[in-house]
Structures are given as structure tokens and as C-alpha cells.
Amino acid sequence: MLLTPRHIKASGGKPPEADKDHDKKAKGGELYGHYAANRRVLDKSAKYFVQKRKTSNDAGLSKAQLLELYRLLFETRRLEEHLVALYRQTQVVGGVYRSLGQEATAVGCAYGMRDGDYLQPLIRDLGATLTHGVMPLAMLRQYMAKATGPSGGRDLNTHFSDPNVGILGPVSMLGAMVPVLAGCLLASRFKKEDKAGLVFIGDGGSSTGAFYEGLNFAAVQKLPLVVVIESNHYAYSTPTTTQVPDGNLVRRAYGFGVDVSHVDGNDVLACYEATKLARERGLAGEGPTVIVSETYRRKGHAEHDNQAYVEDNEIEAWAKDNDPLDRYIEFLVKGKYTSKKALEKIRTEVEAELDAARDQAVAEEQPDAQTHLQAVFDDGNTPWPHYETWWRGGPTHREGS
Amino acid sequence: MPEITFLEAVNSALKEEMHADERVFLIGEDIGAYGGAFKVTGGMLDEFGPERIIDTPIAEAAVIGAAAGAAMCGMRPVAELQFIDFISCGGFDQLVTVAAKSRFRNGVPCPLVVRGPAGGGGRGGPFHSACPEMWFVSTPGIKVVFPATAYDAKGLLKSAIRDPDPVLFLEHKFLYRRIKDEVPNEDYVVPLGQALERRAGDEMTIITYGAMVHTSLEAAEELSKNGHSVRVIDLRTLVPLDEDTIVKAAIETSKVMIVHEDTRRGGLAGEIAAVINENAFDYLDGPILRVTAPDTPVPYAPSLEDAFLPQVSDIVTKANELLQY
């Protein structure tokens, strides 16, 4: 059950209705959205409805790809659990921002891109970062402010960049990176590179002026930008209904004159498929796509947040009925794509890799103030580790790799 | 050498850099067919086409944000603001948050130039007349340039475009068509971070920049009629600040006055006074004095704006106080 009390309240106390003739209408051009395959398209009255779709491999991913996705989902969840343990041991500097319950959006959308594309994750998109090619070791180093982290200890968590591998780390001013990604794609246009961009934003971040300005500019310029709005119910503590009338992010997205795809954000394959299609549209010159991903943030804004603002049983209901990993395992096993034993083997491998990475990162040093407070301007000093020390490359089986 | 206006000098620097380097492009509002609010980019759309002269929505966060993104990805964008005051509309965040911190936190150079008209005297009122340099002077990671002559405008803008870091390039709009000087046809640059002695003198020094260079030179001329020898230093670049030239002048003339059009509290004068205190205190024969705009928004009525802007007479009066020591 994807609907929550908050959504029901937002639509006047009644649950939004699903449209039985949805696919027929989509084919007949009666619907605005292009991606009927995701079964998350609005009718012309922009009515907001969400239903949990049965996961299916419409995109025809190979078995190796399907298992690779599982590995990334599991790696993301377990890496965050390691970070929480390290946080409680006071090894982490600052906070830990979990993506528990919404890993499918980060991993699935990033899997829909290709090597060389630009990715701008937010703090809760650790999964996208790993999927695009960053080593788990790098994230451990970043969270513990180690000199060996991609930012050399000068910035935190997912905040690191190297355009050479397509990683454009976020800034904390939400929305600000949307115009920046548009600028990266302008550069690609000048250089005649076949690159698209994927930028994540939250339901809260999509209320900012910078988000509007960046998306509108990308739309006017018809840049191949894929914007994923992770609608996870809360911006810190503020519900989506306080961000946008009726909590309807899809209706707002249509206002940009771009294509909009509304996906079940806990279905990793739906997220993958929506992103892949959006990327292709963008590179065909059709401009940006907004993907509104319906998901749920099961942890607080960060580890310190006790989520007192969440209604009773809400978190438990999502954990029980709509956990992205549980759903994906069920799909893989019931669909006979793999066996429970094969998944167990993947988990064992990932656990061993993460344990080793954790031990290595914990033993490393924080940066030296003599060397790491330089290079505000180009002064000849380069106290940042080269990307080869934190970049493992895109997934082996991802399309185009 | 031909004499050209300040505005023509900016235009010619942009054109020459675009011809010399295909990574350079312009982005801003009404810079294409219209040629920019002050016509600085006049004729450039025809010469370079809409792909390199990009007209944007009225969206300063998009203008500077897209420029920052392109700069990180290997381009050399020059973003124009119609009035530099509008940098407060979202563009501020892009410059201060994204561009200025990119190298330090990531090792990713962000070589963009943000340029636009600053300063008063045009009866533009509170939102079209500001000198916002100190917001950026106090932000590590941005270079700030404020030229006073056509020669410097061209040479400094070329340096700014070729610089590996973000540069805010302030053009005093009062100078656009009023200042004309000799500018060579061949390629040249004026390096960032070097002040220039505009007038020699050994009794006292006026340190200034932007349009106030001309006001200060007039004041120095006036003072010379009473036999005073006043040195005038044009900073040209506020970040990096040419501390050597400042300290040398303090040591050699023992009396220093700072003149700027920006408002008083937290203005650059305070920073310069601190540099002198730290490096030349023992040489001083009098207090370091300031002539600045008062701490008000820039007013609209000519009677008010004239009172707001430092005038030649204000500088002469204050200089005569200092010369008493």
C-alpha cells in the first residue's frame, strides 16, 4: 500500500482513484505523460493518483543486469548501516543522512544513465553515487573527514566532484545544482559530446527558486537533463502537502512545459526504465524530463532526528509492505531470475568488501592543516586525491559500459 | 594608438577572446539581438551566433549557475548581469556557493567571469546603482576587478577570462561612455593583482579604485595648486589586493587616505587601513582617513545622489585635514 494518511488527507479525505482505462487513454493521446509503461501518468485534470504496480522487467534487462542492481541496492543499504555504526562510535564527523526505504530510486535512476553522463546526487543518493562508479571506500572516507576522501576532508558525504568522471557533487543550497547541471550540458553541446545529465532533488528542494530557474533554462535550451524529484514525504519535517498544493508535485512539474514521468519510486525497475527513456528523449533533442518518484523516507532527516512529526504506524507500514529491497527480492525469486542462494552469495561478497573498506577508512588520517588549507585559488597546490583513488567505474553490465 | 571608450574596450576584449579561444561564450539577459542593457555586446550575435551569445530567461541563478557548470566542464563562460545589483537574485548563491568554493572543496576549477555595470551617478536609485564588491571581497575564492580606464578595462577583462578561477568584473556604468583613452590594437593583458600609481606624489597618498580614480585625480590636481604633492594609487584589482604597493606608499608618504564609492561600514577602506597598520604603523605621521559614501542605500533624487557620492570637494577637504599632521 503506497498511499498514506497524508496523501488521503491531501486529496480531501478520499483516496485518489486509479484509472482503469489508463493505458488505453495513454495510447489515444488523452494523457499528458509519455511513459505509460510506468503506469504513473496523469489525466488531463492532473488528478493525483498512485498505485503500487507489480514490478516487471518491461525493459528486458539481462539476468546479469538484474543481479547487478540487487548488489547495488544491498551495498547501499549496508554501507549506510556501517555509517550509522561508525556515527555511534563517534567516527563520523557530523551527521548521517539515510536513504532507508528509498534506495530503489537512487540506484534505479542512476542505472538508467551511462558512463560519462553527469550525475548530481543529493545526500540521500548514496546509492546513485555508488551506481555511477564511486567506491564505497570513498563514502566512508568522506563521512569520516579523511584526507584520502575525494574532497580531501574539506567537504562532507556526497559533496565531491570530478567532471572527468561525471560526478558533480551537491551543495547544501537545494536547487542550486539544477542550473549548474544545465551548464555542464551546455559545455557538452559545445564539445559535441553525447552526454546527458541526471540531477536529484527532493520534494522540498523543488520549491526553491534555483530549481525553477535551472529547469526552465534547461527546458528553453532543450538540454538532455533528467530531473528526479524524490518525493519521500518529508523535507526535514515538512510534509509534501506544505510544499505544494495538494502535495501534487506532478502537476507542478507539468508547468515547466517538459515531459513528466510519475514512477513508483520503490520499484527499482520502474525507476530504471523511466530514466533510460528520459535520457534517450533528451539526447534526441526533446529536452528535459521530470521524473516524480513516489517513495518514503523511513529514517529522519539525519540520525539525530527522532521523527516525532510522523504519524503512528506510518513508518512500520512502509517497512512491512513497501520495502524496495524486499519487493525486488520477491520479484527476482518469484520470477525465477535467480535463487535465494545466489542472492545470499552476493550479500556475502558485499559484506566482505564493506568490512574491508571500513577497516581501511577507519585507520586513515584526517587532513593536515599545513597542506589542506591551501588552493583556494590556483596556487600550484593540489591537495585532493586523484579520482583513480575513489572511482571504480560504472557497473560492469550497465548499458553502454 | 586609437582612442576608444571604456564600453568599446570591454566589447573589444570580449570579441578578441572569443576569436582567440573557442571555449569562451557569453550568457546573459538581452545580450543577443538587443546587445545588452548598455549595448556592451552590440553586434556580437551577428558575429558569433546564438550558440555562443546565449540569451536567457530573466533568471540570474540560471545565468551564473549555467556559467559555473560550463566552467567546471572545461568552458570559459562570461556571464553578464544587466545591472550588477541583480546579483542578489539567486546569482549570488551560484557565485558564492558553487563557483567560489569549487576548487577548494573539490579541486575542480571554475573559471567563469561574471561582469556587469556597477556604481552610481546615473540616477538609477537603490536598485541600479550599487557597488557590491565587499560581498565578494570577503568571500574566499572569488577575484574582484574594478577598472578605471578603457586600457585597463580591456587588459584586465582579458586577464579575467584567461584566469583559472572565478572573477567578478565590475564596470562602472558612469565610465562607459565618458572615459576614452588610448588602447592598442594588438593583444595585451593587464595582470590581476597589480595596482598602478596614477599620479606621483610624496606628501600623502590617496588609495582608490573604479570611478573614484578620476574624482581623486581631480582632487589631487586641485591640491597641487596649493603646492601639495599627492600620490594617487588605482588598485584596479581588489582581490588579489596589491598590498606591496599600498604598504610602499604608506612608508614613502606617511599619510594615507582611502576613497571609495562603496558605503563606509565594512568597506574596503577598513581592510586597507588594517594592512597599513600591520605593516607600516611606525611610518605613519597621521591617521588613516576615509572618504566614502554614507551608510545608506543609493538614493534617486540628484540632490540626494550627489550628496551620497564622494565629490572632489569632499576629498580636498579631508586631504587638507590630513596634511595638517
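So that the names make sense, note that chain A is the first sequence line, chain B the second, and so on, each numbered from 1.
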Rounded to the nearest 0.5 Å, how far does CG of Asp155(A) lie from CG of Asn106(B)?
-> 6.5 Å

Taking atom CG of Leu186(A) and atom CD of Glu51(B), what is their separation to the nearest 0.5 Å?
-> 10.0 Å

Interface moiety of His159(A) toward chain B, non-hydrogen atoms closer than 4.5 Å = both

Are the side chain of Trp384(A) and the backbone of Phe104(B) linked by a donor-acceptor contact shorter than 3.5 Å?
-> yes

Distance (rounded to the nearest 0.5 Å) between Met173(A) CE and Asp93(B) CG | 5.5 Å

Is any residue of residues 143-154 of chain A within less than 4.5 Å of chain B by heavy atoms, and which ones?
-> Ser151(A), Arg154(A)

Does atom CD of Glu22(B) have more than 12 heavy-atom neighbours from other groups under 6.0 Å away?
-> no

Which of Gly169(A), Ala218(A), Ala176(A) touches chain B most, by non-hydrogen pairs under 4.5 Å | Ala176(A)

Engaged part of Tyr212(A) at the chain B interface, taking heavy atoms whose separation is under 4.5 Å | neither

Where on Lys143(B) is there a heavy atom nearer than 4.5 Å to chain A: the side chain, the backbone, both, or neither?
-> both

Write out, in numerical order, the residues from residues 32-44 of chain B with a heavy atom short of 4.5 Å from a heavy atom in chain A.
-> none

Sort Val239(B) into side chain, backbone, both or neither according to what part of it lies under 4.5 angstrom from a heavy atom of chain A.
-> side chain

Over all atoms of both residues, closest heavy-atom pair of Pro179(A) and Ala62(B) = CB-CA, 3.8 Å

Residues of residues 189-207 of chain A near chain B, each having a heavy atom less than 4.5 Å away | Phe190(A), Lys191(A)

Do Pro57(B) and Glu213(A) touch side chain to side chain, with heavy atoms closer than 4.5 Å?
-> no

Most heavy-atom pairs under 4.5 angstrom with chain A, which of Ile58(B), Ile64(B), Val98(B)?
-> Val98(B)

Could you list the residues that satisfy side chain to side chain donor-acceptor pair (under 3.5 Å) with Asp262(B), not counting sequence neighbours?
-> none

Distance from Asp379(A) atom CG to Arg103(B) atom CZ, nearest 0.5 Å?
-> 8.0 Å

If you draw a 6.0 Å radius around OH in Tyr188(B), do more than 12 non-hydrogen atoms from other residues or ligands fall strictly inside?
-> yes

Most heavy-atom pairs under 4.5 angstrom with chain B, which of Ser161(A), Ser188(A), Ala375(A)?
-> Ser161(A)

From Phe377(A) CZ over to Asp165(B) CG, what is the distance, rounded to the nearest 0.5 angstrom?
-> 6.0 Å

Atom group of Leu215(A) that falls short of 4.5 Å from chain B, counting heavy atoms | neither

Check whether Met75(B) gets within reach of chain A through its side chain, its backbone, both or neither, counting any heavy atom under 4.5 Å.
-> side chain

Quick one: what part of Pro164(B) sits under 4.5 Å from any heavy atom of chain A, side chain, backbone, both or neither?
-> side chain

For Lys248(B), does the NZ atom have more than 12 heavy-atom neighbours from other residues, nucleotides or ligands under 6.0 Å away?
-> no

Interchain contact, Gln221(A) with chain B, by part (heavy-atom threshold 4.5 Å) | side chain

Which atoms of Asp378(A) come close to chain B, meaning under 4.5 Å heavy atom to heavy atom: side chain ones, backbone ones, both, or neither?
-> both

Select one option (side chain, backbone, both, neither) describing which atoms of Pro170(A) are under 4.5 Å from chain B's heavy atoms.
-> backbone

Of the listed Val108(B), Thr56(B), Val63(B), Asp163(B), the one with the largest count of heavy-atom pairs under 4.5 Å with chain A is Val108(B)

